[in-house]
Amino acid sequence: MPELPEVETVRRGLERWCLNQKIFAVEPLHPRATNPRSLSAITEVSGATIKKIARRGKFLWFELDRPYALVAHLGMSGQFRIQPFGAVDEKHLRARFSLSKKELRFIDQRTFGWLAISALEDGVPTLVSAIAPDLLDEKFDRRATVKKFQSKRSEVKRVLLDQSVMSGVGNIYADESLWRAKIHPQSIAAELSSRKIGQLIDSAESVMSQALLEGGTSFDSLYTNVNGESGYFEHSLQAYGREEQPCARCHALIRRIVFGGRSSHFCPKCQKL
DNA sequence: ACTAGCACCTGATCGC
DNA sequence: TGCGATCAGGTGCTAG
């Protein structure tokens, strides 16, 4: 569920509340909350101090005063919450970290999210090394990304969602970016001009930056920041979830189609194949 | 090597 | 009121 703007909102909240805090105790509460590729149990971070909170695409990690990091992915429904000691346990509480004055909690209804211990290599956890830099990363290479898009014979929306090409974009912002760039989601990526792919990248950057300013998109309580508050970007969506509603540009009705097992929303008039 | 499809979960909602 | 079908913002494994 959470895409780059939502994960970045969470990262900033964690930075504000957890930086330079010592982790006194860790309590894992669900077996699926630990990624099977984790180097060891997450209780390993007991006694460590949080030195930095980093992100690449939708992956977050806590850098510690140790040679490894605590990596987190929110999956579809993961949340981090800062709570006072003794607050009632949330229904889907999956792990508890005791800091000096507060508890950091990992909550996840659908259990697609996870935590893991992962070695750092050049500042990036091994578990994240196959993920391409995202649009807000200074390592993001625009020309190389355009080339990668052009090397793919599949539908451009699938490529947008491929985290090894460019990370951070999920189903909502993919539809929004394609709408803004006036590209049909089923266009073959390799058949698009460099200029068109450039427009798509620009659109993804502007839509996600705007969403970030509004604290992200949320339809329900499954996405919130570390204080349990929702974002406001839902009001600004032009394609996602707007099936049968008029396109803001041309008033044709937005269509929803399913491919790759998920919904795609687009304007049949502005976004032609 | 690349691509497409499905599996992994829980819960909300909708139609009958 | 109850039940089954469908849907949900992600990733990763596997079969072709």
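Keep in mind it's a predicted model, so treat the numbers as computed, not measured.
- Between Arg11(A) and Glu15(A) a salt bridge is recorded (basic side-chain N to carboxylate O distance below 4.0 Å).
- Proximity of Arg256(A) to the phosphate of dA8(C): a side-chain N or O atom is located under 4.0 Å from OP1 or OP2.
- Going from atom CD1 of Ile131(A) over to atom C1' of dG10(C) covers 11 Å, rounded to whole Å.
- Remark: P of dC7(C) and CD1 of Ile172(A) are 17 Å apart, rounded to the nearest angstrom.
- Close to dC2(B), at under 4.0 Å from its OP1 or OP2, lies no side-chain N or O of Lys152(A).
- Nucleotides of DNA chain C nearest to Val258(A) and Arg262(A) differ in position, and the one nearer the 5' end is that of Val258(A).
- Rounded to whole Å, atom C1' of dT11(C) lies 15 Å from atom CZ of Arg158(A).
- Between the P atoms of dC9(B) and dC3(C), the separation comes to 24 Å (whole Å).
- With respect to the salt-bridge test (charged N to carboxylate O, under 4.0 angstrom), the residues Glu3(A) and Lys58(A) do not qualify.
- Ring geometry for Phe106(A) versus Phe80(A): interplanar angle of 30 to 60°, hence tilted.
- Considering only side-chain N and O atoms, Lys91(A) lies under 4.0 angstrom from the phosphate OP1 or OP2 of dG11(B).
- Looking at heavy-atom distances under 4.0 Å, Arg32(A) makes contact with sugar-phosphate atoms alone, never a base.
- Glu90(A) places its CD atom 15 Å from the P atom of dG11(B), with the value rounded to the nearest Å.
- In the model, Asn225(A) has no side-chain atom that pairs as donor or acceptor with a side-chain atom of Thr9(A) under 3.5 Å.
- Glu243(A) places its CD atom 14 Å from the P atom of dC14(B), with the value rounded to the nearest Å.
- Taking atom C1' in both dG9(C) and dT3(B), one finds a spacing of 23 Å when rounded to whole Å.
- Here dT11(C) presents its P atom at 11 Å from CG of Leu4(A), a figure rounded to the nearest Å.
- Rounded to an integer number of Å, the gap from CE of Met76(A) to P of dA12(B) is 15 Å.
- The shortest distance between the side-chain N/O atoms of Gln109(A) and the OP1/OP2 oxygens of dC9(B) is not below 4.0 Å.
- Heavy atoms of Gly261(A) sit nowhere under 4.0 angstrom from any nucleic acid atom.
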Dot-bracket encoding of pairs in DNA chain C, which uses [ ] for pseudoknotted crossings and | for another strand, Watson-Crick or G-U under 3.5 angstrom: .|||||||.|||||||

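- A salt bridge does not link Lys148(A) to Asp162(A): none of the charged side-chain nitrogens sits closer than 4.0 Å to a carboxylate oxygen.
- Using a 4.0 Å cut-off between charged nitrogen and carboxylate oxygen, Asp175(A) and Lys157(A) count as a salt-bridge pair.
- We find that Arg96(A) and Asp89(A) are joined by a salt bridge, their nearest charged nitrogen and carboxylate oxygen being less than 4.0 Å apart.
- Distances shorter than 4.0 Å separate none of the side-chain N or O atoms of Arg110(A) from OP1 or OP2 on dA8(C).
- Rounded to whole Å, the P atom of dC6(B) lies 14 Å from the corresponding atom of dT6(C).
- Contact between the side-chain N/O atoms of His92(A) and the OP1/OP2 oxygens of dG11(B) is found at a separation under 4.0 Å.
- The distance from atom CG of Leu160(A) to atom C1' of dG9(C) is 15 Å, rounded to the nearest whole Å.
- Of the candidates dG10(C), dA8(C), dG12(C), dG12(C) carries the atom nearest the Arg37(A) side chain, counting heavy atoms from C-beta on.
- Under a 4.0 Å N-O distance rule, the pair Arg142(A)/Asp202(A) qualifies as a salt bridge.
- Contact check on Glu244(A) versus Arg256(A) returns no salt bridge, with no Lys/Arg side-chain nitrogen under 4.0 Å from an Asp/Glu carboxylate oxygen.
- Checked against dG11(B), dG9(C), dA8(C), the side chain of Ser263(A) finds its nearest nucleotide in dA8(C).
- When the side-chain nitrogen and oxygen atoms of Tyr240(A) are compared with OP1 and OP2 of dG9(C), one or more of them lie within a distance under 4.0 Å.
- Stacking between Phe112(A) and dT11(C) is absent: the ring centroid is not both under 5.5 Å from the six-membered base ring centre and under 30° in plane angle.
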